[in-house]
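Order of appearance sets the numbers: ligands from 1, and atoms from 1 within every ligand. All values below come from the heavy atoms of this structure, side chains included, with hydrogens, waters and symmetry mates left out.
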Amino acid sequence: MKKILKFTIYILVFLVLAYFVAIFAINRPIEKWDWQNIDLDQPAQVSKDFIWGVASASYQVEGHHDTGDNWGWWETQVDKNGKPRVLGKAGTGNDEWNLYKEDIKNMKFLGVDSYRFSVSWSKIMPKETQFNEEALAHYDQLIDSLLDAKIIPMITLHHFTHPMWFEKKGAFDKEENIKYFVEFAKKVFERYGDRVKFFATFNEPMVYGYGRHITDTHPNPYGDSNFQRLGVMLKNTLIAHDQVYEKIKSLPNGANSEVGIVKSMMQMDPYCKYDLGDQIVAHYAQKLFADAYVNYFSKGVFNFQAFPVGADVLYKNPTPNNIKLDFIGLNYYSHNAFNLEYLNFDLDKATLPLYYPGEIPTDLDYGYYPEGLYRAIKDISQIKKPIYITENGIGLGEDKEELRKEHLKTAIYDLSKAIKEGYPVKAYYYWSLNDNFEWDSGYSKSFGLFKVARDTQTPTRTPKQSALLYKEIIAKAKQAVTETKK
Ligand code: BGC
């Protein structure tokens with residue numbers, strides 16, 4: 001009897017130890033700083049050639065998307081309960097298509113050096129065999145106006161949307177469709193490559209793919225969730241990126257260009273550090289959504305493998321010593337608190353709040369996590385390329401301007417700290433210049449430095465307090481650079 005008791009105690013002790021060893025092995029520390037004792041009014045510590053910018057995407061700001069875009073189709077769809085997929089239509093929106101000169105004036109007011117925007121594939125190529133000269137000429141004018149204002153353009157080729165004809169072929173879910181994207185990219189580069197140096201092939205393929213194949217927050221033509229399909233699509237975006245990179249480099253002006261890809265680096269943290277279930281879910285989420293892409297551009301291996309959700313895609317770069325990337329674009333918003341319940345991957349569960357108790361919620365599912373940008377820079381620096389922060393911002397209603405300002409100050413602190421420690425951060429683009437169309441949330445979320453009134457005949461832009469703060473931050477940083485040079 002005694003022996004059995006002893007044995008049972010040993011087993012129990014062993015199990016408890018194993019539980020904590022497992023937690024210890026996969027735990028990623030969540031940084032928290034004492035912000036009370038940090039001076040946030042110090043000028044940003046950046047180099048002379050640091051790029052300050054603002055970012056946007058065509059579908060979110062231009063309006064006039066009557067050119068057969070896959071988001072136009074998605075805006076007409078309802079879910080199985082009859083609920084519209086998208087909260088309202090993009091419509092004329094901010095009408096940047098016509099009002100871009102006003103936006104450039106506002107960029108000048110802020111003092112930014114660069115504007116990151118995307119070109120609309122469906123406007124440029126409304127049909128598989130047709131390029132639209134009017135759309136191409138529009139971007140000529142936008143680029144020339146930016147250059148006249150001494151603002152450097154950065155073009156994103158795919159920011160979540162594409163033509164319906166491409167969608168109908170299966171978009172990036174099929175490897176044989178990559179050639180259409182390469183053809184589009186070639187046309188764009190041939191047209192603008194004499195004036196535009198910076199190109200991002202894709203914006204956040206993971207976010208777009210996750211919305212498409214798992215949560216139905218992006219156009220999903222299949223009507224179900226499937227991790228394997230997501231993995232295959234992501235692999236295809238990597239192949240497409242590499243092919244576009246090579247194509248651009250082979251064209252006149254290609255050697256002077258900088259071609260990168262933009263990655264969202266939300267950390268997938270466990271909701272409860274001492275809960276092995278939360279740790280395991282967070283571990284897989286981090287592996288699939290962050291590490292797999294980082295591994296591809298650092299080690300040449302895309303390992304989108306997680307047996308609990310049936311994902312098993314392994315793709316090796318055929319030329320691992322030749323990573324096709326001149327910069328890595330980093331988008332950062334927050335971290336996600338992962339809970340064991342997510343293992344169900346039930347779509348309704350996916351709307352569970354992703355913030356921690358005590359964290360200030362934003363208007364999206366996640367919270368305000370001021371240390372996160374610094375962590376994201378560290379994580380993405382495994383890709384040994386210059387880091388351009390291509391998006392950073394916070395979704396908050398107008399009554400929360402104080403928090404938007406605090407968020408901006410802490411972000412600038414994070415990037416200065418990272419630069420001081422030697423991380424190669426070369427640019428910071430605020431998301432976004434204007435409040436705009438926030439995908440399935442329609443116009444209900446606000447990320448802009450400028451508020452946009454859309455109930456007037458011509459949408460009008462008004463600077464928020466955060467716009468004035470960003471202007472001051474840029475001016476102070478530039479002055480500090482001049483003073484250190486003296
Ligand atoms: C996207 C933007 C979006 C922003 C705020 C990023 O993931 O690139 O298009 O508006 O997040 O949610």
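With sequence neighbours excluded, no residue forms a ring-ring contact (aromatic ring centres under 6.0 Å, His included) with Y192.
Ring geometry, H158 versus W121: the interplanar angle exceeds 60°, so the pair is classed perpendicular (tilted spans 30 to 60°).
The pair E401-R404 meets the salt-bridge criterion, since a charged nitrogen lies less than 4.0 angstrom from a carboxylate oxygen.
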(request) Please test R212 against N70 for side chain to side chain donor-acceptor pair (under 3.5 Å), starting from the C-alpha separation and ending with a verdict. (result) CA-CA 12 Å; R212 177 181 181 82; N70 69 329; over 6 Å; no
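For a heavy-atom separation below 4.0 Å, the residues in contact with ligand 1 are Q60, H159, F160, N203, E204, N331, Y333, E391, W431, E438, W439, F447.
Under a cut-off of 6.0 angstrom, the local environment of NZ in K105 is sparse, with at most 12 non-hydrogen atoms contributed by other residues, nucleotides or ligands.
You'll find the ring centres of W52 and F50 inside the 6.0 Å limit.
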